[in-house]
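For reference, the structure is listed below as structure tokens.
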Amino acid sequence: MAERIEVLLTEEEIDKRIQEIGNQISQDYAGKQVHLVCVLKGGSFFMCELAKRITVPVSIDFMSVSSYGGDTESSGVVRIVKDLDEPLADRHVIVIEDIVDSGRTLSYLLDMLRSRGPLDVRLCTLLDKPDRRVVDVKVDYTGFEIPDEFVVGYGLDYDQKYRNLPYIGMVKFD
């Protein structure tokens with residue numbers, strides 16, 4: 001089965017929205033430092049672009065998690081593949097995600113990070129699929145709400161392909 005990619009969000013639209021989010025975070029954290037926690041792999045493209053647009057001091061760290069269960073749906077049981085390198089105590093933490101859908105894995109992850117003593121934990125995602133939400137997760141900064149479509153690009157992949165697309169595209173199977 002061959003796939004084709006239809007553009008959902010252009011590079012220009014994404015760039016403009018990331019600048020707006022960077023401005024909002026800079027205002028919300030004026031006079032403070034933020035610690036960005038990137039959820040790998042997909043969030044790395046978004047976090048790098050966002051960090052460049054935040055004007056308050058920024059530190060970064062990376063985390064990789066795996067949720068397992070059925071092949072098509074997260075069970076919400078999370079295995080930490082790569083934990084953070086630095087402690088979160090007394091920091092303003094913003095978790096950076098590429099996409100939020102069911103919320104199962106992210107809910108667990110946010111609770112775990114909050115238990116590590118940060119001053120606060122907020123969530124920032126490039127894409128949000130609220131129609132897929134199973135667990136209520138508060139998203140503090142959202143790039144775009146999108147329909148329940150399989151998307152790639154800007155860090156999101158299909159079988160490790162298409163992460164490097166500079167836009168968000170919907171995968172269509174012929």
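Only heavy atoms go into these numbers, but all of them, side chains included; no hydrogens, no water, no symmetry mates.
The CG atom of Leu165 lies 10.0 Å from the CG atom of Leu156; values are rounded to the nearest 0.5 Å. Between the CD1 atom of Ile94 and the SG atom of Cys124 there is a distance of 7.0 Å, given to the nearest 0.5 Å. Atom CG of Leu109 sits about 8.5 Å away from atom OG1 of Thr105, to the nearest 0.5 Å. Taken to the nearest 0.5 Å, the CD1 atom of Ile60 stands 10.5 Å off from the CG atom of Asp85. Taking OH from Tyr167 and CG from Leu8, the interatomic distance works out to 11.0 Å, rounded to the nearest 0.5 Å. With rounding to the nearest 0.5 angstrom, the CZ atom of Phe46 is 10.0 Å from the SG atom of Cys38.
A donor and an acceptor atom, one from each side chain of Asn23 and Gln19, are located under 3.5 Å apart.
By the rule that hydrophobic residues join a cluster once side-chain heavy atoms approach within less than 4.5 Å of another member, Leu50 and Val56 end up as members of one cluster. Residues Val93 and Val34 do not share a hydrophobic cluster, defined by chaining ILVMFWY side chains whose heavy atoms lie under 4.5 Å apart. Linking Ile, Leu, Val, Met, Phe, Trp and Tyr whenever their side-chain heavy atoms come within less than 4.5 Å puts Met63 and Val100 in one cluster. Cluster membership check: Val152 shares its hydrophobic cluster with Phe173, using side-chain heavy-atom separations under 4.5 Å among Ile, Leu, Val, Met, Phe, Trp and Tyr. Following chains of ILVMFWY side-chain contacts shorter than 4.5 Å, one can reach Met47 starting from Phe144, so the two form part of one hydrophobic cluster.
Electrostatic pairing of Glu13 and Lys16 does not count as a salt bridge here, judged by no charged N lying under 4.0 Å from a carboxylate O. By the 4.0 Å N-to-carboxylate-O rule, Arg91 lies close enough to Glu86 to be salt-bridged with it. With respect to Asp128 and Arg133, a salt bridge is recorded, a charged nitrogen being found less than 4.0 Å from a carboxylate O.
Residue Lys41 qualifies as open at atom NZ: its count of foreign heavy atoms under 6.0 Å is 12 or below. Residue Asp136 places its CG atom among 12 or fewer non-hydrogen atoms of other residues, nucleotides or ligands, all under 6.0 Å distant.
Val95 has its side chain out of reach of Arg122: every pair of non-hydrogen atoms, C-beta onward, lies at least 4.5 Å apart. Residues Met112 and Ile80 form a side-chain contact, since some pair of their non-hydrogen atoms from C-beta on lies under 4.5 Å apart. You'll find the side chain of Val7 stays beyond 4.5 Å of the side chain of Ile5, heavy atoms only.
Judged purely by atom type and a 3.5 angstrom limit, Ser26 uses its side chain to pair as donor or acceptor with the backbone of Thr55. Looking only at distances, no side-chain donor or acceptor of Lys172 sits under 3.5 Å from a matching main-chain atom of Glu3. Not a single donor-acceptor pair under 3.5 Å links the side chain of Ser107 to the backbone N or O of Arg104. No donor-acceptor distance shorter than 3.5 angstrom exists from the side chain of Ser44 to the backbone of Leu40, with no hydrogens or angles considered.
Between Ser59 and Gln33, the closest heavy-atom pair is OG-NE2, 3.4 Å. In terms of heavy-atom proximity, Phe45 sits nearest to Asn164 at CE2-CA, 4.1 Å. The minimum heavy-atom distance linking Pro166 with Ile14 is given by the pair O-CD1, 4.2 Å. The two residues Asp120 and Tyr29 make their nearest non-hydrogen contact at OD1-OH, 3.3 Å. Considering every non-hydrogen atom in both Val139 and Thr142, the closest pair reads CG1-OG1, 3.0 Å.
Here His35 pairs with nothing under the ring-ring contact (aromatic ring centres under 6.0 Å, His included) rule; sequence neighbours left out.
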Problem set entry | Audit row: Lys138, Asp140, salt bridge (Lys or Arg N to Asp or Glu O under 4.0 Å) steps and yes/no | CA-CA 6 Å; Lys138 180 180 186 268; Asp140 299 284; 2.5 Å; yes

Exercise. What do the steps show when you test Ile96 against Val39 for side-chain contact (heavy atoms from CB on, under 4.5 Å), and what is the final call?
Worked result: CA-CA 6 Å; Ile96 308 296; Val39 180; over 6 Å; no

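Ring to ring, Tyr154 and Tyr162 are not that close: their centroids are 6.0 angstrom or more apart.
Checked options Ile168, Asp101, Asp98; the residue passing with Leu127 is Ile168 (criterion: side chain to side chain contact (heavy atoms under 4.5 Å, CB included)). Applying side chain to side chain contact (heavy atoms under 4.5 Å, CB included) to Val37 and the options Leu88, Leu123, Val121 leaves one that passes, Leu88.
The stretch residues 50-66 participates, sequence neighbours left out, in these salt bridge (Lys or Arg N to Asp or Glu O under 4.0 Å) pairs: Asp15-Arg53, Glu49-Lys52, Glu49-Arg53.
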